[in-house]
Participant: 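Structure incoming, see below.
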2 protein chains.
Amino acid sequence: MSRRPNAAPGSQGIPEATIARLPVYLRVLYTCAEQGIATVSSEELAAAAGVNSAKLRKDLSHLGSYGTRGVGYDVDYLVYQVSRELGLTQDWPVVIVGAGNLGRALANYGGFASRGFRIAAVLDADRTVVGTEIAAGQVVGSSDAIEEVVAERGVSIGVIATPAAAAQGVCDRLVAAGVTSILNFAPVVLNVPAGVDVRKVDLSIELQILAFHAQRRSDVRVPASGKRQYRGGVALPALAGSAGESVTAP
Amino acid sequence: MSRRPNAAPGSQGIPEATIARLPVYLRVLYTCAEQGIATVSSEELAAAAGVNSAKLRKDLSHLGSYGTRGVGYDVDYLVYQVSRELGLTQDWPVVIVGAGNLGRALANYGGFASRGFRIAAVLDADRTVVGTEIAAGQVVGSSDAIEEVVAERGVSIGVIATPAAAAQGVCDRLVAAGVTSILNFAPVVLNVPAGVDVRKVDLSIELQILAFHAQRRSDVRVPASGKRQYRGGVALPALAGSAGESVTAP
DNA sequence: CGCTGTGAAGTTCTTCACAGCA
DNA sequence: TGCTGTGAAGAACTTCACAGCG
């Protein structure tokens with residue numbers, strides 16, 4: 001990626017891995033709150049979040065000592081602290097570029113507008129789409145207006161939901177306009193200057209990772225025959241190992 | 001996450017972190033191939049993939065010694081080797097549950113059917129959606145047929161694109177029917193038995209991670225209640241190290 | 001010479017295990 | 001007593017730096 005995570009000296013230096021889990025904890029905490037649960041132990045919270053309790057406690061300890069020994073964590077208080085740490089106590093206007101199937105899905109995604117984020121605009125380059133309403137009260141604007149929207153509404157987070165070919169161009173314009181955080185759904189590696197944060201969501205990469213594990217499970221260690229020309233044999237060093245099948249081990 | 005992947009002793013034990021990057025390399029390699037490039041160096045490939053070259057070389061070394069010293073890697077040969085490692089030399093039928101905005105976006109996603117994956121079915125619980133054609137030749141089926149589809153078509157990868165409330169139920173049914181790999185787009189932590197692999201794609205988590213970094217960037221100035229201030233981030237003098245980042249020349 | 005492949009050093013993240021407080 | 005918070009051990013991953021081969 002393009003950032004040094006916790007190298008910054010002034011900041012508290014919360015590990016990147018912890019940051020990535022805080023949103024999960026936060027979601028679980030909201031669920032607890034809705035159910036009227038006032039206090040949770042690290043064990044309970046960890047189970048609901050799908051992590052181990054030591055990890056959860058260490059994660060939370062980076063924010064401060066917000067638990068009570070012998071009792072657990074106060075749900076509401078922790079919600080507030082985690083939200084604050086993540087910067088969700090302020091509202092983040094977001095611009096979505098690309099109003100295709102995905103852009104529309106995003107615009108209609110409830111959790112979007114819910115906590116901390118607000119869709120400032122959905123833009124598209126296709127004239128036939130501009131002007132149509134794709135979500136309640138959300139009319140697609142022209143992507144010519146990227147700079148204008150970013151500047152006027154103080155957008156610092158952009159979502160790219162365009163075809164791959166258009167992504168880098170859109171990215172460049174977003175960055176030039178002042179956006180410093182980008183969520184990229186297009187299947188390309190974006191090139192950005194230092195100081196801009198990019199996260200990618202890539203369906204096909206996720207599927208390929210799943211395919212790898214699925215293959216390993218079915219363990220059809222194919223003889224790798226169809227080798228074609230090139231450096232024929234190469235005799236893969238330690239290929240043999242047939243042992244690793246059962247992933248279980250309870 | 002429940003069990004460890006490369007804890008298996010006999011297996012080749014390719015690090016999980018490496019697996020997660022192979023699809024990126026593969027994509028870049030395809031791009032090279034399309035452009036008629038026959039050979040790439042680790043430096044070039046790494047730049048295009050947005051990683052550092054030592055990491056790329058180490059990653060590839062886990063697959064075997066497929067490069068030529070003093071020259072680089074043969075593009076076609078490497079494409080084949082990476083594909084084989086990821087299990088993409090076989091075809092994976094995938095079932096998508098949920099034909100809402102997101103399900104439709106997925107069904108229309110080109111890269112889906114392209115390499116290694118095939119949509120076996122798109123299912124939904126809503127009777128008014130069942131029977132409609134959401135993509136070329138893709139008619140939505142009833143989610144009553146989950147078990148049937150999985151069994152008949154030998155599906156081992158399922159994609160959950162339902163509302164949060166329905167996700168766990170769908171997941172349980174997929175798993176019971178024999179699916180062992182799940183890609184979850186619903187904002188919930190899925191509970192699965194050991195041996196089932198779940199990957200999640202969660203928009204709001206990604207946004208929250210971006211918000212954290214965006215906040216930190218703007219916090220460089222005023223503490224507390226500091227309104228957004230795009231563009232301020234460039235300061236970060238101590239971040240120096242960012243010299244030769246993944247900035248590829250265009 | 002140029003570039004790969006890799007031992008070794010360095011860094012980050014996870015897990016253990018328990019001291020210590022409510 | 002029960003549970004948090006944390007030092008310390010361990011595992012995973014990254015980066016360095018260079019031997020070695022084409």
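Worth knowing before you read on, the calculation uses all heavy atoms, side chains too, and leaves out hydrogens, waters and symmetry mates. Convention: sequence-line order gives letters A, B, ...; per-chain numbering from 1.
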Participant: State whether B/Y73 places a side-chain N or O below 4.0 Å from either non-bridging phosphate oxygen (OP1 or OP2) of C/dG5.
Facilitator: yes

Participant: From the set D/dG5, C/dG5, D/dT4, return the single nucleotide nearest to any side-chain atom of B/S65.
Facilitator: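 That would be C/dG5.
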
Participant: Does A/S41 place a side-chain N or O at less than 4.0 Å from the phosphate oxygens OP1/OP2 of D/dC3?
Facilitator: no

Participant: Round to the nearest Å and state the distance from B/L45 atom CG to C/dG2 atom C1'.
Facilitator: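 My rounded result for the distance is 17 Å.
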
Participant: Could you state the atom-to-atom distance from CG of B/L63 to P of C/dT4 in whole Å?
Facilitator: 15 Å

Participant: Just the rounded figure in Å: distance from C1' of D/dG7 to NZ of A/K58.
Facilitator: 7 Å

Participant: Choosing from C/dT6, C/dG20, C/dT4, which nucleotide comes nearest the side chain of B/R69?
Facilitator: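 Given the options C/dT6, C/dG20, C/dT4, the side chain of B/R69 is closest to C/dT4.
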
Participant: Would you mind reading off the distance between B/L60 atom CG and C/dT6 atom P, rounded to a whole angstrom?
Facilitator: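 Roughly 11 Å, once rounded to whole Å.
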
Participant: Dump the intermediate steps for side chain to side chain contact (heavy atoms under 4.5 Å, CB included) on A/Y25 and A/V51, then the final yes or no.
Facilitator: CA-CA 10 Å; A/Y25 304 156; A/V51 303; 3.9 Å; yes

Participant: Can you tell me the distance, in whole Å, between the CD1 atom of A/I14 and the C1' atom of C/dC13?
Facilitator: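 My rounded result for the distance is 15 Å.
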
Participant: How many whole angstroms separate atom NZ of A/K55 from atom P of D/dT6?
Facilitator: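 Value for this atom pair: 19 Å.
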
Participant: In terms of the nearest nucleotide of DNA chain C, which residue is placed more toward the 5' end: A/R57 or A/G70?
Facilitator: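 Upstream on the strand: A/R57.
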
Participant: For C/dA22, does either OP1 or OP2 sit under 4.0 Å from a side-chain N or O belonging to A/T68?
Facilitator: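 A/T68 to C/dA22 OP1/OP2: no side-chain N or O under 4.0 Å.
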
Participant: We want to know whether A/T18 and A/D59 form a side-chain donor-acceptor pair, criterion being a heavy-atom distance below 3.5 angstrom.
Facilitator: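 Yes - a donor-acceptor pair under 3.5 Å links their side chains.
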
Participant: If you check the B/S42 side chain, which of D/dC13, D/dT15, C/dT4 turns out closest?
Facilitator: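 Out of D/dC13, D/dT15, C/dT4, the nucleotide with an atom closest to B/S42's side chain is C/dT4.
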
Participant: Rounded off to whole Å, could you give me the NE2-to-P distance for the A/H62 and D/dG7 pair?
Facilitator: 10 Å

Participant: In this structure, how many angstroms lie between the P atom of D/dT14 and the CD1 atom of B/I19, rounded?
Facilitator: 12 Å

Participant: Is there a donor-acceptor contact under 3.5 Å linking the side chains of B/R115 and A/S204?
Facilitator: no

Participant: Does A/R57 make a cation-pi contact with A/Y73 (under 6.0 Å, within 45 degrees of the axis)?
Facilitator: no

Participant: Before giving the answer on side chain to side chain contact (heavy atoms under 4.5 Å, CB included), spell out for B/N191 and B/Q168 the whole-Å C-alpha distance, their side-chain angles and the decisive distance to 0.1 Å.
Facilitator: CA-CA 7 Å; B/N191 222 314; B/Q168 184 64 58; 3.5 Å; yes

Participant: Starting at the 5' end of DNA chain C and moving along, which residue's nearest nucleotide shows up first, A/A17 or B/E43?
Facilitator: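 Residue closer to the 5' terminus by nearest nucleotide: B/E43.
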
